[in-house]
Amino acid sequence: MNGWLLYTSFEAKRNSWYIQQLLQAAQQQGIRLTVLLLEEITFGLVQGRAVVYQKSDMLPPPDFAICRFAQAQLTKHLELMGIRTFNNSHVSAVANDKYATYQLMTANAVPMLDTWMRPPYGATSLVHKPVDGKGGQDVRCLTSAAEIDSAATTPCGAWLFQAVASEVGRDLRVYVLGTQIVAAMLRQSDTEFRSNFTLGGKATPYVLSNDDVRLVSRVTSLCDFGLVGIDFLFHHGQLVLNEIEDVVGARMLYAHTDIDIAALYLAFIREKIAHEA
């Protein structure tokens with residue numbers, strides 16, 4: 001079985017250790033996994049078919065591709081080549097557009113905080129975030145009408161406004177493979193409202209209640225997930241969906257558990273490919 005592991009050069013440098021984990025797991029499971037950097041390959045539609053070139057060489061399509069980039073259009077290109085993608089282009093399109101995520105969740109009765117494309121009249125406290133943001137970057141808590149008025153000048157559709165959760169500086173990430181829950185990690189920060197691990201938040205394993213598991217299962221039923229992180233906020237004693245991480249990081253798992261998510265991911269992909277053959 002052959003696969004591609006696709007990264008941008010910047011993200012490949014940031015995630016070199018995790019790449020090695022994936023390569024090691026692939027070797028142990030009899031999978032030939034090749035790392036490709038997006039800057040070193042060319043995507044094109046040539047004579048009526050989708051192709052990928054590396055310099056002057058057209059690359060034969062592998063059995064699967066692990067897409068560690070947030071570009072649904074490129075993932076769709078791989079699918080046109082007959083490549084099974086993880087995550088697929090639909091997951092990439094939904095998860096990397098927060099408003100698209102919220103629309104899907106609302107249509108399927110998944111609880112979440114009130115969200116607007118433009119701030120509601122009279123609001124004095126809102127969270128302001130880019131629809132395609134990652135890792136808590138550029139997320140701000142606006143605490144006055146003046147701040148909200150200033151943020152309202154950002155392009156409509158590129159940013160969104162959201163109610164503030166009753167518990168700030170605390171959220172929950174649930175790692176999921178397909179429909180299977182792998183682990184849940186509680187993230188907390190003592191210094192600000194964002195609790196992201198990469199921003200200095202503390203992480204500890206978390207035991208999901210039966211209600212929590214049912215909520216996660218409702219989300220996983222809506223998409224054909226590979227490996228994702230489903231993030232929840234705590235609001236008045238209940239979990240509400242915050243976002244879905246398509247290119248989800250694994251630092252928390254390796255730092256605080258003995259779970260080898262890379263090995264589990266490759267085994268999941270191998271089983272999926274074999275089942276679909």
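Everything quoted here is computed from the prediction, not taken from an experiment.
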Salt bridge present between R84 and E276 (N-O < 4.0 angstrom) = yes
Of D114, L126, V139, L113, the residue whose pairing with Q162 passes side-chain contact (heavy atoms from CB on, under 4.5 Å) = L113
In chain order, what residues pass the side-chain contact (heavy atoms from CB on, under 4.5 Å) check against Y206, with sequence neighbours excluded?
-> L172, A184, L186, L208, D212, F234
Under a single-linkage definition using a 4.5 Å side-chain heavy-atom cutoff for Ile, Leu, Val, Met, Phe, Trp and Tyr, are L6 and I66 assigned to the same hydrophobic cluster?
-> no
Take the angle between the ring planes of W17 and Y254 and call it parallel below 30°, perpendicular above 60°, tilted in between.
-> perpendicular
Test Q29 against I31 for side-chain contact (heavy atoms from CB on, under 4.5 Å), laying out the working first.
-> CA-CA 6 Å; Q29 297 181 39; I31 299 171; 4.3 Å; yes
Donor-acceptor under 3.5 Å (N15 side chain, Y18 main chain) | no
Side-chain ion pair, D231 and K98, N-O less than 4.0 Å | no
Below 4.5 Å, heavy atoms only, C-beta onward: do R187 and M252 meet side chain to side chain?
-> yes
With side chains defined as the heavy atoms from C-beta onward, is the minimum distance between L239 and V216 less than 4.5 Å?
-> no
Any side-chain heavy atom of R68 sitting closer than 4.5 Å to one from I19?
-> no
Ignoring hydrogens and geometry, is there a side-chain-to-backbone donor-acceptor pair from R218 to A109 under 3.5 Å?
-> yes
Going through the checks in order, is the side-chain contact (heavy atoms from CB on, under 4.5 Å) test met by L38 and F43?
-> CA-CA 9 Å; L38 296 189; F43 295 79; 4.2 Å; yes
